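Data block below; observations after.
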Protein chains: 2
Amino acid sequence: MHNKTECSAFVIPIRDCLDILSGKWKLPILGALMEGKKRFKELERSIPNITPRMLSKELRELEINQLVKRTVYDTVPVTVEYEMAPYGHSLKKVLMEMKEWGAQHRKRIMTTDTPIETEELDVVEV
Amino acid sequence: MHNKTECSAFVIPIRDCLDILSGKWKLPILGALMEGKKRFKELERSIPNITPRMLSKELRELEINQLVKRTVYDTVPVTVEYEMAPYGHSLKKVLMEMKEWGAQHRKRIMTTDTPIETEELDVVEV
DNA sequence: TATATCGGTATACTTTGGTATAGTGGTTAC
DNA sequence: GTAACCACTATACCAAAGTATACCGATATA
């Protein structure tokens, strides 16, 4: 990192990646969809405490980024299905790196330091 | 992802990793420190628009997570140096995965879709 | 004597992210 | 007929994150 260009080349793409995963509910939603396709209400039920407003908003962002595919079936009433888009699977490698590092880090902090508070996380029920 | 435990094992460590990199300034700070050790004011100068309040706050969080080492030299006035801690380098692999994915994603979104606005990012000057 | 540097902190403010609550229009089950 | 389900949206509110501005005590420079 020895000049502005090189530095932007570091910050900008990582920021992009972070932004896509940002927000309280993106990870639980992706987690739930990795199991398989789900309808809106199914997602709402499997992600405790999420409001329809947030679910809708976060799904839209994931869809815009082509990670999630939304399909509307012309039934009455309409059926809407969400699933991981093929492109969505490209995230898995990054996610697994983050998961490994995160797990390792939690252990490290727990043992070396005063324990960090494991906050009450809302976690997908399946 | 077929049960609650497995799902927490997905969400929690990734959340941990995300949290550590979260906030507007962590990435620019890490970028600046990857160049080598820097004093407080040097960091402040090399990261445009950061306030001392935020710089101090984010450095403290990075230090707590053992990614950054802070050394105080007993001069008058005191000299304080920040540098990547050895453990900090363990992040590089994750960061590089994110960087690659992010760069690839930006290209993809730019070409397939209506261009995404490249916001005016504050970027480290070196 | 006045000004700048060092490494920050204090206070107040604004902006963004997330929550709470209610409601839409149409359909099916009791 | 009324209650529930579906996939959401609208409005109002609240809390967290970030900004702006000023200041600290000690020292060095003009």
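Worth knowing before you read on, the calculation uses all heavy atoms, side chains too, and leaves out hydrogens, waters and symmetry mates. Worth saying up front: this structure is predicted, and the values here are computed from it rather than measured. So you know, we letter chains A, B, ... as the sequences are listed, proteins then strands, and number each from 1.
- Atom OH in A:Y73 sits roughly 24 Å away from atom P in C:dG26 (whole-Å rounding).
- Atom NZ in B:K24 sits roughly 13 Å away from atom P in C:dT15 (whole-Å rounding).
- Between the CD atom of A:E42 and the C1' atom of D:dC6 there is a distance of 12 Å, given to the nearest Å.
- The phosphate of C:dG7 has OP1 or OP2 within less than 4.0 Å of a side-chain N or O from B:R39.
- Under the side chain to side chain donor-acceptor pair (under 3.5 Å) criterion, A:T75 pairs with A:T79, not counting sequence neighbours.
- Spacing between atom CD of A:E44 and atom C1' of D:dT9 amounts to 13 Å, rounded to whole angstrom units.
- Looking only at atom types and distance, the side chain of B:H105 has no donor-acceptor partner in the side chain of A:D16 under 3.5 Å away.
- Taking atom CG of residue B:L21 and atom P of nucleotide D:dA17, one finds them 15 Å apart after rounding to whole Å.
- A salt bridge links B:E44 with B:K41: the distance from a Lys NZ or Arg NE/NH1/NH2 to an Asp or Glu carboxylate oxygen falls below 4.0 Å.
- Between A:R39 and A:E81 there is no salt bridge, since no side-chain N of the basic residue sits under 4.0 Å from a carboxylate O of the acidic one.
- Applying the side chain to side chain contact (heavy atoms under 4.5 Å, CB included) criterion to A:R60, with sequence neighbours excluded, gives A:S56, A:I64.
- Within the 3.5 Å criterion, the main-chain N or O of B:L95 finds no donor-acceptor partner in the side chain of B:K99.
- Atom-to-atom, NZ of A:K38 to P of D:dC6 comes out at 15 Å; the value is rounded to the nearest Å.
- Residues that satisfy the side chain to side chain contact (heavy atoms under 4.5 Å, CB included) test with B:E63, not counting sequence neighbours, are B:R70.
- Rounded to a whole Å, the CD atom of B:E58 is 9 Å from the P atom of D:dT19.
- For C:dT9, the OP1/OP2 oxygens have a side-chain nitrogen or oxygen of B:R60 closer than 4.0 Å.
- Atom P of nucleotide C:dT16 and atom CH2 of A:W25 are separated by 22 Å, given to the nearest angstrom.
- Side-chain N/O atoms of B:R45 include none lying less than 4.0 angstrom from OP1 or OP2 on C:dT5.
- Across residues 78-87 of chain A, not one residue has a non-hydrogen atom less than 4.0 Å from an atom of DNA chain C.
- Judged as a ring-ring contact (aromatic ring centres under 6.0 Å, His included), not a single pair has a partner in residues 39-82 of chain B (not counting sequence neighbours).
- With salt bridges taken as basic N to acidic carboxylate O contacts below 4.0 Å, one links A:K57 and A:E61.
- The stretch residues 50-57 of chain B comes close to DNA chain D through B:R53, B:M54, each having a heavy atom under 4.0 Å from the strand.
- Here C:dT27 is the nucleotide among D:dT27, C:dG18, C:dT27 with the atom lying nearest to any side-chain atom of A:P77.
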